[in-house]
Amino acid sequence: MNTEIIHEKNRFYKKVDGLDCELEYNIYNGDTIDFFHTYVPEPLRGKGIALEIIQEGLDYAVKKNYRIIPSCSAVQKFMDRHPEYRERSKK
């Protein structure tokens with residue numbers, strides 16, 4: 001199993017058992033990132049894969065000093081549980 005998270009073309013993803021698990025985003029005005037879609041295939045759900053990818057995406061946003069729009073409900077829930085990311089939220 002490949003555990004590396006890859007960042008390219010406005011998404012973070014990792015392949016697990018040959019399946020893509022991903023977090024997609026858009027950048028607006030050069031300073032705001034909108035995480036709008038998280039997907040983990042059914043057989044891989046419940047294993048914490050989405051959480052890993054979301055954290056990678058949020059850490060990237062912090063490093064780049066982006067304001068964060070958590071359009072995806074999974075990203076919003078993650079941010080609710082991790083207050084260190086909330087201050088960057090742009091709701």
Side-chain angles (χ1 to χ4, degrees):
M1 176 168 78
N2 180 4
T3 59
E4 179 185 1
I5 296 173
I6 300 163
H7 179 206
E8 65 182 14
K9 298 182 183 176
N10 286 17
R11 76 178 186 143
F12 292 88
Y13 73 98
K14 71 188 284 184
K15 282 203 177 281
V16 179
D17 297 336
L19 302 171
D20 280 358
C21 306
E22 66 182 6
L23 170 62
E24 295 179 287
Y25 67 87
N26 285 315
I27 303 278
Y28 300 108
N29 301 321
D31 67 351
T32 302
I33 190 167
D34 179 8
F35 292 108
F36 66 89
H37 182 250
T38 304
Y39 178 74
V40 175
E42 186 72 37
L44 301 174
R45 293 181 186 167
K47 298 181 181 191
I49 297 167
L51 300 177
E52 289 177 48
I53 298 169
I54 290 169
Q55 184 165 4
E56 183 82 12
L58 290 173
D59 287 346
Y60 171 80
V62 168
K63 181 179 174 184
K64 293 291 193 174
N65 203 31
Y66 289 134
R67 300 294 294 164
I68 299 168
I69 300 172
S71 293
C72 173
S73 62
V75 175
Q76 180 64 61
K77 286 178 190 173
F78 188 96
M79 290 178 71
D80 289 345
R81 293 182 182 138
H82 297 87
E84 63 270 25
Y85 297 110
R86 274 191 237 141
E87 68 184 38
R88 296 204 168 269
S89 182
K90 183 177 181 179
K91 289 185 181 180

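If you take CG on Asp17 and CD1 on Ile49, they are separated by 8.0 Å, rounding to the nearest 0.5 Å. Atoms OG1 and CD, from Thr38 and Gln76 in turn, are 11.5 Å apart once rounded to the nearest 0.5 Å. Atom CD1 of Ile33 and atom CZ of Arg67 lie 13.0 Å apart (nearest 0.5 Å). Within the model, atoms NE2 of His82 and CD of Gln55 stand 6.0 Å from one another, a figure rounded to the nearest 0.5 Å. Rounded to the nearest 0.5 Å, atoms CG (Leu51) and CG (Leu23) are 11.5 Å apart. Residue Glu4 holds its CD atom at 9.5 Å from CD of Glu56, rounded to the nearest 0.5 Å.
Pairing each heavy atom of Lys15 with each of Gly18, the nearest pair is NZ-O, 4.2 Å. Ile53 and Glu22 get closest at one heavy-atom pair: CD1-N, 4.0 Å.
Inter-residue side-chain proximity for Phe35 and Ile54 is flagged as unmet; no heavy-atom pair is nearer than 4.5 Å. Here the side chains of Val75 and Phe36 are not in contact, with every heavy-atom distance at 4.5 Å or above.
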With a 3.5 Å cut-off and sequence neighbours excluded, list the donor-acceptor pairs that the side chains of residues 39-46 form with protein atoms.
unit_1	atom_1	unit_2	atom_2	d
Glu42	OE1	Arg45	NH1	2.9
Arg45	NE	Val40	O	2.5
Arg45	NH2	Val40	O	3.0

*asked:* As a quick check of understanding, evaluate salt bridge (charged side-chain N to carboxylate O under 4.0 Å, His left out) for Arg11 and Asp20, giving each step before the final call.
replied: CA-CA 11 Å; Arg11 76 178 186 143; Asp20 280 358; 3.5 Å; yes
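In this pair, Phe12 and Tyr60 present their aromatic rings perpendicular. The plane angle is above 60°, beyond the 30 to 60° band.
In this structure, Ile27 is a member of the same hydrophobic cluster as Ile68, with clusters built from ILVMFWY side-chain heavy atoms closer than 4.5 Å.
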